[in-house]
Amino acid sequence: MFSLGEKIKDRRTLKKWTQETLAQKLSTTKHVISNWERGVANPDHKQIAILATIFEVTADYLLGLTEQSEPQYRDPFGQIYFMPAIDYSFIKGASWDLVKVINSGIDLSVNDELLPLEDKLLLAALVQQTISRIQEVRQSK
């Protein structure tokens, strides 16, 4: 059975990434990655979740709780979810219902800042009002 550090190194080398490349993806340094891989230190829980996502494995696999590395679920966007709770029925081919996307429960961000629920509700209302107004203007022409 491999340690967490060995699994990090194994997954990193499978992707043909250097320690520096992985460090950049995690906004850390290659020295931190080296310490993890050598078992001198361990990533915190947030870093483990990020590692699992970028390596496309489960956190349980990285932590040695299971030998099954492949996540059980991938959403239509290719993201990995450990507990799927989002209804993706709004996706129909290449066209998505914008208001349903906003209200779907998917985390949305602007300029790397996560939108709070209140802002998402306002955004959905604004989109609906804007589209309604556009349709009114088109009909009046």
Side-chain angles (χ1 to χ4, degrees), residues 1-39 41-141:
M1 187 179 248
F2 293 102
S3 69
L4 174 58
E6 291 169 324
K7 288 185 179 183
I8 292 171
K9 182 176 183 178
D10 179 59
R11 289 290 157 171
R12 177 181 61 78
T13 56
L14 279 172
K15 294 216 176 250
K16 298 181 179 162
W17 292 342
T18 64
Q19 288 180 341
E20 183 68 33
T21 303
L22 180 56
Q24 288 173 352
K25 293 179 181 297
L26 294 166
S27 299
T28 191
T29 66
K30 74 176 195 173
H31 300 291
V32 169
I33 304 302
S34 174
N35 285 342
W36 292 348
E37 290 181 356
R38 292 181 294 118
N42 288 315
D44 66 27
H45 67 284
K46 290 180 183 177
Q47 293 165 322
I48 290 172
I50 294 168
L51 284 166
T53 299
I54 64 175
F55 287 149
E56 299 180 350
V57 298
T58 64
D60 285 354
Y61 171 77
L62 288 176
L63 295 170
L65 300 174
T66 181
E67 287 304 310
Q68 180 164 353
S69 63
E70 192 63 25
Q72 299 300 306
Y73 179 80
R74 286 182 185 271
D75 73 16
F77 306 105
Q79 300 292 315
I80 299 170
Y81 282 89
F82 302 107
M83 298 179 71
I86 298 172
D87 176 15
Y88 292 105
S89 61
F90 58 85
I91 299 172
K92 295 182 176 42
S95 174
W96 302 346
D97 184 315
L98 181 57
V99 173
K100 288 182 181 178
V101 169
I102 294 168
N103 291 326
S104 68
I106 294 172
D107 286 339
L108 299 175
S109 62
V110 174
N111 297 328
D112 293 325
E113 186 175 324
L114 196 63
L115 290 177
L117 178 60
E118 303 81 39
D119 291 356
K120 287 172 61 177
L121 294 173
L122 286 171
L123 180 61
L126 283 170
V127 168
Q128 286 176 316
Q129 290 174 357
T130 302
I131 296 300
S132 293
R133 183 66 183 127
I134 289 170
Q135 290 170 341
E136 288 173 13
V137 169
R138 279 190 187 147
Q139 289 175 357
S140 68
K141 287 187 176 182

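Within the model, atoms CD of Gln47 and CG of Asn42 stand 10.0 Å from one another, a figure rounded to the nearest 0.5 Å. Here the CD1 atom belonging to Ile54 is positioned 8.0 Å from the NZ atom belonging to Lys15, to the nearest 0.5 angstrom. Between the CG atom of Leu62 and the OG atom of Ser3 there is a distance of 11.0 Å, given to the nearest 0.5 Å.
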* **side-chain contact (heavy atoms from CB on, under 4.5 Å) between Ile33 and Thr18, intermediate numbers included** => CA-CA 10 Å; Ile33 304 302; Thr18 64; over 6 Å; no
* Asked: Can you check side-chain contact (heavy atoms from CB on, under 4.5 Å) on Phe55 and Lys7, steps first, answer last?
  -> CA-CA 10 Å; Phe55 287 149; Lys7 288 185 179 183; over 6 Å; no
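At a threshold of 4.5 Å between non-hydrogen side-chain atoms, the residues Leu26 and Trp36 count as touching. A 4.5 Å side-chain heavy-atom check between Tyr61 and Phe2 finds every atom pair outside the cut-off. Contact of the Pro43 side chain with the Leu51 side chain is registered, since non-hydrogen atoms from C-beta on lie closer than 4.5 Å.
For the pair Glu37 and Arg12, the salt-bridge criterion is met [side-chain N within less than 4.0 Å of a carboxylate O].
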Which pairs of donor and acceptor atoms, one on a side chain in residues 116-133, lie under 3.5 Å apart (sequence neighbours left out)?
from, atom 1, to, atom 2, distance (Å)
Lys120, NZ, Ile106, O, 2.8
Thr130, OG1, Leu126, O, 2.7
Ser132, OG, Gln128, O, 3.0
Arg133, NH1, Glu136, OE1, 3.2

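With sequence neighbours left out, the side chain to side chain donor-acceptor pair (under 3.5 Å) criterion links Ser34 to Arg38. By the salt bridge (Lys or Arg N to Asp or Glu O under 4.0 Å) test, Arg138 is found to be paired with no residue, residues two or more places apart in sequence or in another chain being considered.
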